[in-house]
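Below you'll find the structure, written out as structure tokens, and then a few comments.
Quick caveat, the model's predicted, so the values are computed rather than measured. Residues take their numbers from the sequence shown, with the count starting at 1.
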Amino acid sequence: MPHAAWTELEAVARHDADARISDQFATDPGRLARMTVDAAGLHLDLSKQSWTRAGFDAALALARVANVEGRRAALFDGEAVNATEGRAVLHPALRAPEGADFHALGEAVSAEVDAVRGQMRDYAHAVRSSIETGATGRPFETVVHIGIGGSDLGPRVIWDALRPLAPAIEVRFVANIDPRDMAEALTGLDPETTLIIVVSKTFTTQETLANAEAAKAWLAASLPADGMDRHFIGVTAAPEKAAAFGCGRTFAFRDWVGGRYSLWSAVSLSCAIGLGWDVFQGFLDGAAELDRHFLEAPLEVNAPVLLALAQIYNVDGLHRPARTVAPYAHALRRLPAFLQQLEMESNGKRVRRDGAPVGRQTCPVVFGEPGTNGQHAFFQQIHQGPQVVPAEFVIVASTHDDRSESPLWANALAQGQALMQGKTEAQAHAELIASGASEAEADRLAPHKTFPGNRPSTAIVMDRLTPQTLGALIALYEHKTFVEGVIWDINSFDQWGVELGKVLAKAVLKDVAAGAPSPDLDPSTAALLKRLLR
């Protein structure tokens, strides 16, 4: 990455740090039009971000110098953008219309995608229509989805966002290796009407296999051995391992689908069954529409690009190492957790693609809760704390039965306004006097009621949460994450950081089996292990 573009962005950001966001609307009359964009049913307003016109232009210049357009083409062309693992990254192929022509490292893959999609559609229909039944001939009433990480968070987001209040087929999720998670999922279920779907890319994930074994034992206690495999479905890139485990049927996906990008594939089979294929297809269609926008829109009006540039401006220009996401829709309550994995696992990297240190901050800490819940928790910090934490508000005009939820979204608008405008000590003092406080009392309390303001936020608005807008929203964040990785010159598609702890956990389990810590353990870990073994 040429140093000059970064130097210019950092220089402009130093100037923008002292500029009031609210003043920019007067000094730059075209600001609102330039910093809002519509794409695939989503409306983005980035006009409350901290950049001035010069900052906005410097961020765009950085994107051009980083060759975002060229790297975008490489992604969609199926080149090995995941260089450390020598893989293409083709989640857009999974939601492309039937008959598309995607290639992974030169190999045509769209026909295979269409075939698996057809298998998913047929199986989902067979389960929902009671053509596919369990070992005793009874139809399935509940799906228990077993996975972790990308094999869990994505499908959970889909199910929570789109599930009917009284689904014909219930879907429950198990991810944690803590037995309580499995116990809660199975409580009240009938083994004869329960379908288990085990999702693991390699079919070696420790937590997933432990939970799958528990589910298998639960089924075996009640079902005849002949036909029990009808209750066990594997979703994996290693179908032979799933078959050996006892899965009666498997649905495949390839190694060019990263875990946190895999919800468009058979990984979400449970959702296709629980929601019905038409709903799931709408979800794919919304993402495909956002893909077209990302591919075709110029950078200055490209929704994922602008969302990425706002974050980079905050993180690297203004040194703000955290961001909060507040979805003002109960159905999107799992979105912050999903984004934690998508963004922090993708871009929480310390070296560039060539292995050299990045030399700057990459992914910020991402956290959040649904609004208005978060307003009664961490919003205190983002309004009055010494750190500036950029906020992202995801707003749905109608969240339930097509009714306008103005009390909900009015709060979102007010939070963004309050973060930007703030309240001066003089204003707080005058309000206290007007409310009847004495001069001394107003002097004492005014500093506590002062809000610094000038804190940035972005609003992402949709009229309704539909399968299409949900698909577009998730694709928006996927492409945002990719653009950031391009500009930081890091690989957004490997995750070596999760491996070391998993390897060491296996070693610790050997010590547990031996009943004592090995000599290789550090004193602290050895002491903790001894305590837990008591």
Side-chain angles (χ1 to χ4, degrees), residues 82 84-85 145-153 156 173-187 198-218 236-238 241-242 244-245 258-260 321-322 334 336-352 355-359 361-368 378 381 387 490-534:
N82 181 354
T84 59
E85 297 178 291
H145 177 115
I146 300 175
I148 197 167
S151 297
D152 169 77
L153 284 167
R156 278 194 202 244
F173 293 86
V174 180
N176 202 318
I177 199 171
D178 186 331
R180 174 79 184 199
D181 197 9
M182 178 62 75
E184 289 181 357
L186 297 180
T187 295
V198 183
V199 184
S200 174
K201 185 172 184 177
T202 62
F203 230 80
T204 60
T205 307
Q206 181 191 53
E207 298 94 334
T208 299
L209 292 184
N211 283 326
E213 290 284 5
K216 184 190 289 187
W218 178 76
T236 181
K241 292 181 180 177
F245 185 84
R260 54 198 175 277
R334 296 293 296 178
F338 173 78
L339 295 179
Q340 282 178 342
Q341 189 201 23
L342 173 65
E343 299 189 32
M344 296 173 72
E345 189 168 273
S346 295
N347 289 340
K349 308 292 173 60
R350 59 180 295 277
V351 296
R352 299 198 307 256
V358 292
Q361 178 68 39
T362 57
C363 184
V365 172
V366 181
F367 69 99
F378 59 84
Q381 197 276 346
Q387 307 93 341
I490 59 179
N491 181 2
S492 299
F493 302 108
D494 61 12
Q495 56 280 331
W496 304 108
V498 306
E499 297 299 324
L500 180 58
K502 290 163 65 174
V503 171
L504 293 180
K506 292 179 181 178
V508 171
L509 284 171
K510 290 181 180 178
D511 292 345
V512 171
S518 70
D520 297 331
L521 279 183
D522 64 89
S524 171
T525 306
L528 291 168
L529 178 59
K530 289 178 181 178
R531 181 178 182 83
L532 291 165
L533 284 171
R534 289 193 312 201

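Using bins of under 30°, 30° to 60° and over 60° for the plane-to-plane angle, the ring pair F173/H145 lands in the tilted bin.
Q361 places a side-chain N or O within donor-acceptor distance of the main-chain N or O of C363, the cut-off being under 3.5 Å. No side-chain donor-acceptor contact under 3.5 Å links D181 to the backbone of V174. For the pair T362 (side chain) and N347 (backbone), a donor-acceptor distance under 3.5 Å is present. Side-chain atoms of D494 do not come within 3.5 Å of backbone N or O of W496 as any donor-acceptor pair.
Of all the heavy atoms in P357 and R352, the pair that sits closest is O-NH1, 3.5 Å. V366 and M344 get closest at one heavy-atom pair: N-SD, 3.5 Å. Nearest heavy atoms, K349 versus N491: NZ-O, 2.5 Å. Across N82 and F493, no two heavy atoms sit closer than the pair ND2-O, 3.1 Å. Among all heavy-atom pairs drawn from E345 and V498, the shortest one is OE1-CG1, 3.4 Å.
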Test R334 against L153 for side chain to side chain contact (heavy atoms under 4.5 Å, CB included), laying out the working first. CA-CA 8 Å; R334 296 293 296 178; L153 284 167; 3.4 Å; yes

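In this structure, the side chains of P517 and K530 come closer than 4.5 Å at one or more pairs of heavy atoms. The shortest distance between side-chain heavy atoms of V199 and D152 does not fall below 4.5 Å.
Rounding to the nearest 0.5 angstrom, the gap separating the CG atom in L521 from the CG atom in L529 is 6.5 Å. Between the CD1 atom of I148 and the CD1 atom of I177 there is a distance of 7.5 Å, given to the nearest 0.5 Å. Note that the CG atom of L504 and the CG atom of D520 stand 11.0 Å from one another [nearest 0.5 Å].
With sequence neighbours excluded, the residues satisfying salt bridge (Lys or Arg N to Asp or Glu O under 4.0 Å) with E85 are R87.
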Listed pairs under 3.5 Å, donor-acceptor, residues 206-215 side chains, sequence neighbours left out:
from	atom 1	to	atom 2	distance (Å)
N211	ND2	N176	O	3.1
N211	ND2	E207	O	3.3

